[in-house]
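Accompanying notes for the structure given below.
The analysis underlying the following values was restricted to heavy atoms, covering all of them including side chains, and did not include hydrogens, waters or symmetry mates. Computed from a predicted model, the values in this text were never measured in an experiment. If you read the sequence from its start, that first residue is 1, and numbering goes on from there.
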Amino acid sequence: MARIKDSEIIAVFSLIGLVLLGAGLRCLALSEEAAWGDEALTTVCFPADNFSGYLRCVFAEDDRLRIAPVYYGGQYLWSLLFGGGLLALRLMSVFLYVIASVQLYVLVRSIGNHRAAWWAVFFFSVSLFSIYYGQEVRFYALMNVFALAAMQGALWYVRGHLRSGLILALLGNVGLVWTHTFSVVFVLGLGLYMLRFWRQPRVLLLWMGAHSLMAMGLFGWLGWLHYDFGGQSAAYGDMPAGLRELLSTALQFFGGRFSNINPAVYMPGGLSLDVAIGGLALAAVLYGLWHSWYKARAAENGGWAPGEIMLLLVCLVTPVLLLFFLGRLWRPCFFTRYVIYAALPLYALMGLGLAAIPGKQMSRLAGLAFVLMFSWQVLALPRPFRADYGAVVRAIASDPSENQVALALKPFNYDAVVYALRDSGVETELLYGLKEIAGISIARVHEGYSVWAVFYRWDDLASFEARMEEAGLVARRFESAGMPPLTIYHVVAKKKP
C-alpha cells in the first residue's frame, strides 16, 4: 500500500481550510441579504407543488428563462431537500462555490503546482465579486461549475486524452449554454483556441464536429420553443458598454469590488483597496506570463506550458470581448455577471504568477500583501450587499393606516418590492418615470391612501421631494441598508393646524 506523503496531506487540509474560509465569507450575514429583482422572479415561485408547476410559474415570471432551464431543475431538486426559502436557495449557491473551488484547484494543479493552485483558490474564495455571486439565487454559481468542467476537459483534450477530454468539455459546454444562453461566447472562445491545432485535422475536426452537433441541438431547441430573439432583445435597452464598463469588469474580476459601484463610499475612512488589488494582481499575471514565455524560450524546466497558459488566457479574454462587441453591434447586453466564469482563469493566472516569483522572501511579501489587502477589503465592507427590501416591510408594518399602497419605480425594483410584500396584502404599483411616480403619489394620497414610494439607484430624489412639497404633502424619507441602499418615502397629507 502506497504511503501518503506529508505534503499531500498538507495540500488537502490547506484546500479544505481555504474552501471553509470562502464558504464562511459567503455565509457572513447571509440571512440579511434580501431578494433583489432578478432573484425575486424565481424565488417567488416557492413553495411549488410539483416540477411542472414550478417551471410554469418561473417562465410566466420571465419568459426569457425558457431557453436555459438547467439551473431551475437543480433549484427545484435543492428545494425538495432543503426547502424553497430565500436562505436555503442562497446556500445552494454556496454549495456550488465549494464544488467550483475543488475544480479550480484541480485545474491549476494540473497546469502548475500546489502553491499556484492554493493561491488560485484563495483569490476565488476572497474575491468580493465571487462572494457576491456565490450568494445569488440565480444561475451564476452553476455557470462556474460548468465552465471549469469545460476547461478541464479542454486541457485533457489537448494533452491527448481525446475521448475523455471531449466528453467532459462537451458536457460542460452543454450545461453552460443551457444554463445561460449568452455563454455561447465561452464555447466560441474554446473553439478559437482549438484552431491552433489546424495542422492536426483529427484533433480539430473531432472537437468541431462534436460542438457542431451541440449547436444544432441549441438551434433546434430555440426553434421548438418559437423563441423570438428580436422581441426578447428589446429588454436590453441600456446604453452600449464602453471602455469604462471594461475597466469596471476588470476591477470586479480582480476581486476588489462586487459590482460596478466604487465601494469606497461605504468603507471606513473612504479607503478602498480595489485599485491596489487590481494593480498587484495585474503585475502577478504579467509576471506569470513572462515566466512561462521566458522558460519555454530558454528550454528550461520550471515554466508553465505556454499552450496551457494560452487556454487560460483565451477563456479569460475571449468571452468578455465577444460579449462586449455583441453588445455594441446588436443590443446592449454586456453585463459583467454574464461572463462571471471568465474570472476563474484570471484567478488561475494570478496564482500561477504568484507561485512563479523567485525567492521565498519576495514570494512571501507578495502573498502577504494580497492577504492584508483582501482582509481589509472583505472585512471592512459592511453587509448586506443587496438593498434591504425588508425595510419596506418593516416600514409599512409600522404604519397604522388601513389603506396602504406601495409604489415602485422601475421593473427590477418592483419585482423585489412585490416579493418582499407578498404576505402583507399591500398592493404594489409599477411606475416607469419620476414624473409618473410623483403624480400617482399625489393622486393616491388624495384618494385616501397612505403611500410608500420606493426608489433604488440613479433616481432624482430631490425633484420628487420638491414635487411633494409643491403639492402640499409630507414625504418622510427612510434609508435602508445595502450598497446602494433603498430610499423609501412615506407620503401623507399635511395635518391641518
Side-chain angles (χ1 to χ4, degrees), residues 38-46 48-80 84 89 92 96 137-147 149-150 153 166-192 194 205-237 319 322-323 326-327 329-335 337-341 411 415:
D38 278 3
E39 293 179 309
L41 288 174
T42 52
T43 310
V44 74
C45 294
F46 290 106
D49 295 330
N50 52 62
F51 183 51
S52 61
Y54 166 69
L55 286 183
R56 282 197 297 271
C57 174
V58 167
F59 299 155
E61 292 292 332
D62 189 347
D63 186 57
R64 292 171 296 172
L65 303 180
R66 292 183 303 138
I67 60 175
V70 171
Y71 170 76
Y72 304 101
Q75 189 181 54
Y76 180 76
L77 291 176
W78 180 271
S79 73
L80 294 180
L89 295 175
M92 175 182 170
L96 291 170
V137 185
R138 294 290 276 179
F139 31 68
Y140 304 113
L142 183 59
M143 290 165 69
N144 284 336
V145 172
F146 285 133
L166 182 61
I167 290 173
L168 181 59
L170 194 61
L171 289 174
N173 285 331
V174 168
L176 190 58
V177 170
W178 266 269
T179 297
H180 195 264
T181 310
F182 279 106
S183 298
V184 292
V185 294
F186 175 85
V187 181
L188 290 172
L190 279 181
L192 291 174
M194 289 300 165
L205 292 177
L206 188 61
W207 179 276
M208 295 301 180
H211 283 80
S212 295
L213 292 176
M214 187 195 84
M216 291 171 61
L218 177 62
F219 287 123
W221 171 250
L222 296 176
W224 181 70
L225 291 175
H226 302 291
Y227 193 75
D228 178 17
F229 263 107
Q232 295 291 350
S233 67
Y236 300 97
L322 285 177
L323 188 63
L326 182 64
L329 299 173
W330 178 55
R331 291 274 188 176
C333 58
F334 183 83
F335 298 96
R337 63 185 183 272
Y338 284 10
V339 286
I340 183 174
Y341 45 78
D415 293 330

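The OH atom of Y72 sits 4.0 Å away from the CZ atom of R138 when rounded to the nearest 0.5 Å. For the atom pair CG of N144 and OG1 of T179, the computed distance is 11.0 Å after rounding to the nearest 0.5 Å.
You'll find the side chain of V184 reaches within 4.5 Å of the side chain of L218, heavy atoms only. Residues V187 and M214 form a side-chain contact, since some pair of their non-hydrogen atoms from C-beta on lies under 4.5 Å apart. In this structure, the side chains of V185 and Y338 stay at 4.5 Å or more apart for every pair of heavy atoms.
Listed by chain and residue number, Q75 satisfy the side chain to side chain donor-acceptor pair (under 3.5 Å) test with Y54 (two or more places apart in sequence, or in another chain). Partners of F59 by ring pair (Phe, Tyr, Trp, His ring centres under 6.0 Å), not counting sequence neighbours: none found. Applying the side-chain contact (heavy atoms from CB on, under 4.5 Å) rule to L171 yields the partners I167; only residues at least two apart in sequence or on another chain are considered. For Y140, the side chain to side chain donor-acceptor pair (under 3.5 Å) test picks out R337, with sequence neighbours left out. Not a single side chain to side chain donor-acceptor pair (under 3.5 Å) links Y341 to another residue, sequence neighbours left out. Partners of F334 according to the ring pair (Phe, Tyr, Trp, His ring centres under 6.0 Å) rule, which considers only residues two or more places apart in sequence or in another chain, are F324. Residues forming a side-chain contact (heavy atoms from CB on, under 4.5 Å) with L188 (at least two apart in sequence, or on another chain): L322. F139 meets the ring pair (Phe, Tyr, Trp, His ring centres under 6.0 Å) test with H180; sequence neighbours excluded. D49 pairs by the side-chain contact (heavy atoms from CB on, under 4.5 Å) definition with nothing, not counting sequence neighbours. Partners of A169 by side-chain contact (heavy atoms from CB on, under 4.5 Å), not counting sequence neighbours, listed by chain and number: W207.
Contact record, T43 with G84: CG2-O, 4.5 Å, taken as the closest heavy-atom pair. Annotation for A149 and G172: closest pair CB-CA, 4.3 Å, computed over non-hydrogen atoms. Contact between C45 and V58 at its shortest, heavy atoms only, is SG-N, 3.4 Å. When every heavy atom of G153 is checked against every heavy atom of L168, the shortest pair comes out as N-CD2, 3.7 Å.
Put simply, the residue from I340, V339, L190 that forms a side-chain contact (heavy atoms from CB on, under 4.5 Å) with P319 is V339.
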Starting from the C-alpha separation in whole Å, work towards a yes-or-no answer on side-chain contact (heavy atoms from CB on, under 4.5 Å) for L170 and L213. CA-CA 10 Å; L170 194 61; L213 292 176; over 6 Å; no
Please test V137 against M92 for side-chain contact (heavy atoms from CB on, under 4.5 Å), starting from the C-alpha separation and ending with a verdict. CA-CA 8 Å; V137 185; M92 175 182 170; over 6 Å; no
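Counting only residues at least two apart or on different chains, the side-chain hydrogen bond (donor to acceptor under 3.5 Å, both in side chains) pairs with a member in residues 210-225 are N173-H211.
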